[in-house]
Amino acid sequence: MNFYKDKVVVVTGGAGVLGSSMARCFYELEAQVVLIDRNEDALNDLLKELPNAKSFIGDVLNQESITGIKDQVIKEFGRVDVLLNVAGGNVEGATQREDQTVFDIDSGLIDKAIQLNLHGTIYPSLVFGEMIAKNENGGSIINISSMATYSAITRVMGYSIAKSGVNSLTQWMACELARNYGDKVRVNAIAPGFFIGNQNRKLLLNPDGSLTSRSEKVINKTPMGRFGSIDELNGAVKFLCGNEATFITGVVLPIDGGFSAFSGV
């Protein structure tokens, strides 16, 4: 039996690298995939691959925008089963350059990084989480954490703070929803290790494709000795949303090739 067939799965940041990978995964499982992104062109390109998915242009930092989308989703499907809070990532300029100290970073850009990653997870959780809580069969919220919450990773202060807040939100919402709406409503997070995407490519790869000094440090602290592949996140997400994980809530699951376990020695 296909547990995910016709489940209503909402993906914020659905046209991004992580979001689109997860969307494809659930689409192949015959879920009703709902994509939310502010990049209309990227959404349209993804819909060529996923023609039966529903897409909405929306901003996770605008609760009114998210509420309007929720109303349309409820009108069409009547419920929400899964929320994947994938919208996020670091903000250009908020990453400390090698020639900067922490005191040189524009505080406004730090604010943007915190807003995008923390507020951009809180608002959809409140809007769609209410629908999941009211769902007779419950459902799951999955947030995106980071290795930057396990120990200090240089140059990404705002992002690290925001993702640490996501960890706290995950635990808090897990307890709040389970205590008030029962054991069928679960909230968990995954903490990806190092994957090469558009946002971090310049940090991890030189123009010729060779490793930067930063990425060499990453590989040296990753026991598996490699970067992850984006689709390696999908199995953990499916597990946390599925029947195999019905007694799991409030956890942050690292998917990192051993990075968080290794002392480096």
Problem - Step-by-step salt bridge (Lys or Arg N to Asp or Glu O under 4.0 Å) determination, Glu98 to Arg155 - result: CA-CA 8 Å; Glu98 290 184 338; Arg155 301 172 62 184; 3.7 Å; yes
Problem - Whether over 12 other heavy atoms sit under 6.0 Å from Phe77 CZ - result: yes
Exercise for the section: For the residue pair Val11 and Val34, establish whether any side-chain heavy-atom pair is separated by less than 4.5 Å. Expected result: no
Practice task
Test the Lys7-Phe3 pair against the cation-pi criterion, namely NZ or CZ under 6.0 angstrom from the six-membered ring centroid and within 45° of the ring axis.
Solution key: yes
Handout entry: Side-chain heavy atoms of Leu233 within contact of Phe195, under 4.5 Å
Key = yes
Handout entry: Atom pair CD/CZ of Gln96 and Phe103 - distance to nearest 0.5 Å
Key = 9.5 Å
Problem - Any Val252 side-chain heavy atom under 4.5 Å of Lys163 side chain - result: no
Problem - Arg24: partners by salt bridge (charged side-chain N to carboxylate O under 4.0 Å, His left out), with sequence neighbours left out - result: Glu49
Completion exercise
To the nearest 0.5 Å, atom CG of Asp41 lies from atom CG of Leu46 at 12.5 Å
Exercise for the section: Answer yes or no: is there a side-chain heavy-atom contact under 4.5 Å between Thr149 and Ser164? Expected result: yes
Practice task
Consider only side-chain N and O atoms of Asp81 and Asn135, and report whether a donor and an acceptor are under 3.5 Å apart.
Solution key: yes
Handout entry: No-hydrogen, no-angle side-chain donor-acceptor test under 3.5 Å, Ser140 and Asn188
Key = no
Exercise for the section: Go through the steps for Arg214 and Thr154 under the test side-chain contact (heavy atoms from CB on, under 4.5 Å), then give the verdict. Expected result: CA-CA 10 Å; Arg214 184 177 181 85; Thr154 61; 3.0 Å; yes
Handout entry: 4.5 Å side-chain heavy-atom contact, Met22 and Ile144
Key = yes
Problem - Heavy-atom check, side chain of Lys112 versus side chain of Leu109, under 4.5 Å - result: yes
Practice task
Output the distance between atom CZ (Phe194) and atom OG (Ser146), rounded to the nearest 0.5 Å.
Solution key: 7.0 Å
Handout entry: Reported CG-to-CD1 distance for the pair Leu253 and Ile248, which is rounded to 0.5 angstrom
Key = 8.5 Å
Exercise for the section: Would you kindly confirm whether Met224 and Val218 end up in one hydrophobic cluster when ILVMFWY residues are joined by side chain heavy atoms under 4.5 Å apart? Expected result: no
Exercise for the section: May I ask you to check whether Thr101 and Asp104 show a side-chain donor-acceptor distance below 3.5 Å? Expected result: yes
Problem - pair Tyr27-Ser20: side-chain heavy atoms closer than 4.5 Å - result: no
Practice task
Inspect the contact between Glu136 and Lys184 and indicate whether a charged nitrogen and a carboxylate oxygen are less than 4.0 angstrom apart.
Solution key: no
Exercise for the section: Apply side-chain hydrogen bond (donor to acceptor under 3.5 Å, both in side chains) to the pair Asp59 and Ser65, showing each step before the final yes or no. Expected result: CA-CA 6 Å; Asp59 185 354; Ser65 169; over 6 Å; no
Practice task
Establish whether Phe128 and Leu126 are linked, either directly or via other cluster members, by ILVMFWY side-chain heavy-atom contacts under 4.5 Å.
Solution key: yes
Handout entry: Side-chain donor-acceptor contact under 3.5 Å, Asn143 with Thr121
Key = no
